[in-house]
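As structure tokens, the structure follows; a few thoughts come after it.
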Protein chains: 2
Amino acid sequence: MEQQQIAAYLLKNGIRPLQKRVKIMSYLVSKRNHPTVDMIYNDLIHEISGLSKTTIYNVLNLFVESGVALALNIEGNEIRYDADTSVHGHFKCKVCSGVIDFRIKPEDLPNPGLQGFRIDEEHYYLKGVCAFCISKIEA
Amino acid sequence: MEQQQIAAYLLKNGIRPLQKRVKIMSYLVSKRNHPTVDMIYNDLIHEISGLSKTTIYNVLNLFVESGVALALNIEGNEIRYDADTSVHGHFKCKVCSGVIDFRIKPEDLPNPGLQGFRIDEEHYYLKGVCAFCISKIEA
DNA sequence: AATTAAATTTGTAATCATTACAAAAACATT
DNA sequence: AATGTTTTTGTAATGATTACAAATTTAATT
């Protein structure tokens, strides 16, 4: 997605498409790496001079509140961010710490049967060891 | 469950059933409140004199490693603990911060289709507003 | 292009949960 | 009771996140 499209997408969701916001969203969309704030900072600091970690926190919180990003709490000591807000699952590898998506159909999620509850978010997380790390261990 | 049964359960899982461990497990099992370390500390400090928060952290980490408790990472800023290690889902209310269980059949969880992966843990989290808080808001 | 008011970003300090670590205490075995 | 091991404790360290006020940028107006 181009910066123009990203800007339009942010605007459509009530977010003024300022430069740093566009760059951060662009990073999320293109990398698809479920980054932590630190990962974003370390990657973008070369590209955006004078970028502050606080700004990344501010922008990501805005994205989550506006519904254009998800905050993933797979592990208690870190929040990861995902620009894909459609229903899908996440797997985190204990060895390489990587997080990958897997597709699930919304209708395949089990019915919680919570009468009278309002459900805003659904998160399906798996943890284990990814195929790549298993092959490395066996080798 | 009685202290005796708890002690036997811990022993069966390779955990020496020391007094504080039994009391902490007993708390988890009887309260079923998905507590944070702070909640456990504030409740048990009256009952166990000289209890340290570090001990609670130590014991809970041991429980999780030994497979007799789950660490829930529903929200990024807190870890909650659950002595029910069977497959089930969790709902967290944004208003009252309460966490409740809901039953799901293991076979109803969607197939992630992750070929060659080893899956150790499955977590299904929902967030929203519980029926009780909705009724209070409407009233 | 200069002015201005509002929104955003920055950097530092504060906060909060968790962990590290070494000393003290409890435990189990002889 | 004595001894060696395990556990607990308390304080300090860590690390992620937030608070906040000053500096900067933005967008609209003159």
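Per chain, numbering begins at 1; letters A, B, ... match sequence-line order. Atom set for the values below is all heavy atoms of this structure, side chains included, hydrogens, waters and symmetry mates excluded.
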Open item on the list: Just N and O in the side chain of Gln19(A): are any of them under 4.0 Å from OP1 or OP2 of dT8(C)?
Closed with: no
Task: Protein-nucleotide distance (Asp38(A), atom CG; dT18(D), atom P), rounded to Å - done: 14 Å
TODO: Output yes when at least one side-chain N/O atom of Tyr57(A) is less than 4.0 Å from OP1 or OP2 of dT18(D), else no.
DONE: no
Open item on the list: Does Lys92(A) form a salt bridge (charged side-chain N to carboxylate O under 4.0 Å, His left out) with Asp120(B)? I'd like the steps, not just the answer.
Closed with: CA-CA 10 Å; Lys92(A) 177 163 182 181; Asp120(B) 299 325; over 6 Å; no
Open item on the list: For the residue pair His34(B) / Asp101(B), report whether a side-chain donor-acceptor contact shorter than 3.5 Å exists.
Closed with: yes
Open item on the list: Heavy-atom nearest nucleotide on DNA chain C for Thr36(B) versus Gly50(A): which residue maps closer to 5'?
Closed with: Gly50(A)
TODO: Tell me yes or no: between the side chains of Tyr27(A) and Glu47(A), is some donor less than 3.5 Å from an acceptor?
DONE: no
Task: For atom CZ of Arg80(A) and atom P of dT17(D), their distance in whole Å - done: 11 Å
- [ ] Inspect the surroundings of CD in Glu121(A) and state if more than 12 heavy atoms from other residues, nucleotides or ligands are less than 6.0 Å away.
- [x] yes
TODO: Figure out the CG/C1' separation between Leu51(B) and dT9(D), and round it to whole Å.
DONE: 10 Å
TODO: Please state how far atom CD1 in Ile24(B) lies from atom C1' in dT8(D), giving the value in whole angstrom units.
DONE: 11 Å
- [ ] Classify the ring geometry between Tyr125(A) and His90(A) as parallel (under 30°), tilted (30 to 60°) or perpendicular (over 60°).
- [x] tilted
- [ ] Give a yes/no answer on whether the side chain of Arg16(B) brings an N or O atom under 4.0 Å of OP1 or OP2 in dT6(D).
- [x] no
- [ ] Please report, rounded to the nearest Å, how far the P atom of dG15(D) is from the CD atom of Glu75(A).
- [x] 16 Å
TODO: May I have the distance from Leu60(B) (atom CG) to dT8(D) (atom C1'), rounded to whole angstrom?
DONE: 14 Å
Open item on the list: It should be established whether Asn61(A) places a side-chain nitrogen or oxygen under 4.0 Å from OP1 or OP2 of nucleotide dT18(D).
Closed with: yes
TODO: Rounded off to whole Å, could you give me the CZ-to-P distance for the Arg21(B) and dA26(C) pair?
DONE: 15 Å
Open item on the list: For the aromatic rings, using the six-membered ring if either is Trp, is the centroid distance between Phe63(A) and Tyr81(A) under 6.0 Å?
Closed with: no
TODO: Apply salt bridge (charged side-chain N to carboxylate O under 4.0 Å, His left out) to the pair Asp38(B) and Lys53(B), showing each step before the final yes or no.
DONE: CA-CA 8 Å; Asp38(B) 257 47; Lys53(B) 224 176 258 191; 3.1 Å; yes
- [ ] Scan nucleotides 20-25 of chain C nucleotide by nucleotide, 5' to 3', and note B when protein non-hydrogen atoms come under 4.0 Å of the base, S if they reach only the sugar-phosphate, - if neither.
- [x] B-----
Open item on the list: In whole Å, I'd like the distance from the NZ atom of Lys20(B) to the C1' atom of dC27(C).
Closed with: 13 Å
